[in-house]
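Report on one structure; see the data block that follows.
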Amino acid sequence: MNNKTLWLGGAALMVFLAAPAHAACDVDKPGDELTGAEAEAVYDCLKADLQAGYQSGPKRWIPEDFVNDYPGWSKASAFPAAPGFHGGRFLVTYVNAIGAEEYLKYKTENVSIPAGTKIAKESFAIDENGKVTKGPLFMMEKTTAGASPKTDDWYYMMVAPNGAPQAVNVFTACSECHQGNFGEQGGLGYPVEEARIK
Ligand code: HEC
């Protein structure tokens with residue numbers, strides 16, 4: 001899969017799950033013209049509300065502590081980054097203590113992510129008019145070896161901006177892209193380079 005297919009796939013996922021606009025945090029320029037600092041300011045405005053949304057309501061098959069605890073984990077991006085040329089989709093990644101050391105090396109080979117690693121990725125969008133919308137929370141958990149061979153022992157989960165757990169086919173909706181594009185680096189896509197923690 002090339003980059004374009006990758007981001008079109010991601011964009012489709014985003015449009016499908018887009019939540020109502022969040023006017024209080026709107027900006028006066030297109031999302032893809034924002035600097036890192038400006039994107040961080042939008043995140044500061046949105047953060048409490050975004051996280052409260054993810055955490056509201058029953059989580060059913062998704063472990064509640066995952067969704068409640070991740071804001072206290074290590075941040076894996078210095079500012080919300082909008083990767084690809086489908087500008088306007090901003091991502092903030094958090095990784096738990098078990099996985100932080102290895103993940104934050106952003107290694108492209110010999111990646112050995114320990115079982116018990118949990119990664120959460122918040123998302124929001126800023127369109128060409130500066131309108132802000134909340135996006136889903138994406139989650140990955142590294143299981144014990146052999147628990148999910150089809151996904152290289154990653155569990156994939158997703159929560160809508162209103163907190164509702166999203167039933168998706170994790171093979172076609174998540175794992176195929178992660179394994180197909182990043183299989184060589186442990187299934188990890190990592191934040192875009194300029195947004196990584198130095
Ligand atoms: C079209 C390809 C694609 C699909 C489909 C996709 N992802 Fe990702 N994912 C990526 C890319 C690229 C990154 C790294 C970009 C970033 O996070 O800034 C990423 C990063 C992540 C991360 C942060 C950990 C990492 O890999 O660095 C999580 C968690 C995640 N995705 C979960 C999911 C879940 C859950 C699904 C299914 C609902 C999913 N993804 C579907 C491409 C995809």
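In each ligand, atom 1 is the first atom listed, and ligand 1 is the first ligand listed.
Contact check for Val27 versus Glu38: no side-chain heavy atoms found under the 4.5 Å cut-off. Residues Asn96 and Trp73 form a side-chain contact, since some pair of their non-hydrogen atoms from C-beta on lies under 4.5 Å apart. Side-chain atoms of Gln185 and Tyr106, non-hydrogen and from C-beta on, never get closer than 4.5 Å to each other.
Ring pair Tyr43/Phe124 is parallel by interplanar angle, where below 30° counts as parallel and above 60° as perpendicular.
Closest to atom 28 (C) of ligand 1 by heavy atom, among Met140, Glu141, Glu193, is Met140. With atom 42 (C) of ligand 1 as the reference point, the heavy atom nearest to it among Cys177, Gly189, Pro191 is part of Cys177. In this structure, of Arg196, His178, Gln185, the residue bringing a heavy atom nearest to atom 8 (Fe) of ligand 1 is His178. The heavy atom nearest to atom 22 (C) of ligand 1, out of those in Glu122, Met157, Lys121, is found in Lys121.
Residues Ile197 and Phe79 do not share a hydrophobic cluster, clusters being chains of Ile/Leu/Val/Met/Phe/Trp/Tyr side chains in contact below 4.5 Å.
Contact annotation: for Leu91 versus ligand 1, heavy atoms closer than 4.0 Å belong to the side chain alone. For Ala173, every heavy-atom contact with ligand 1 shorter than 4.0 Å involves the backbone, none the side chain.
A donor-acceptor contact closer than 3.5 angstrom links the side chains of Tyr70 and Glu122.
Checked by distance only, ligand 1 and Tyr190 come closer than 3.5 Å through their nitrogen or oxygen atoms. Considering backbone and side-chain atoms together, Tyr103 places an N or O closer than 3.5 Å to an N or O of ligand 1. Annotation: Tyr156 places no N or O atom under 3.5 Å from an N or O atom of ligand 1; distance criterion only.
The residue from Pro80, Ser77, Ser123 that alone fulfils the side-chain contact (heavy atoms from CB on, under 4.5 Å) condition with Phe90 is Pro80.
Shown in contact with Ile119 at under 4.0 Å from a heavy atom are these atoms of ligand 1, numbered in order with element: 23 (C), 24 (C), 29 (C). Close contacts of ligand 1 with Leu188, meaning ligand atoms under 4.0 Å from a residue heavy atom, involve 25 (C), 26 (O).
One finds the NZ atom of Lys29 at 14.5 Å from the CG atom of Asn129 (value rounded to the nearest 0.5 Å).
Here Cys174 fails the criterion, with no N, O or S atom under 2.8 Å of atom 8 (Fe) of ligand 1.
In this structure, Ala81 falls outside the shell of residues with a heavy atom less than 4.0 angstrom from ligand 1.
Two rings, from Phe171 and Tyr156, have their centers 6.0 Å or more apart.
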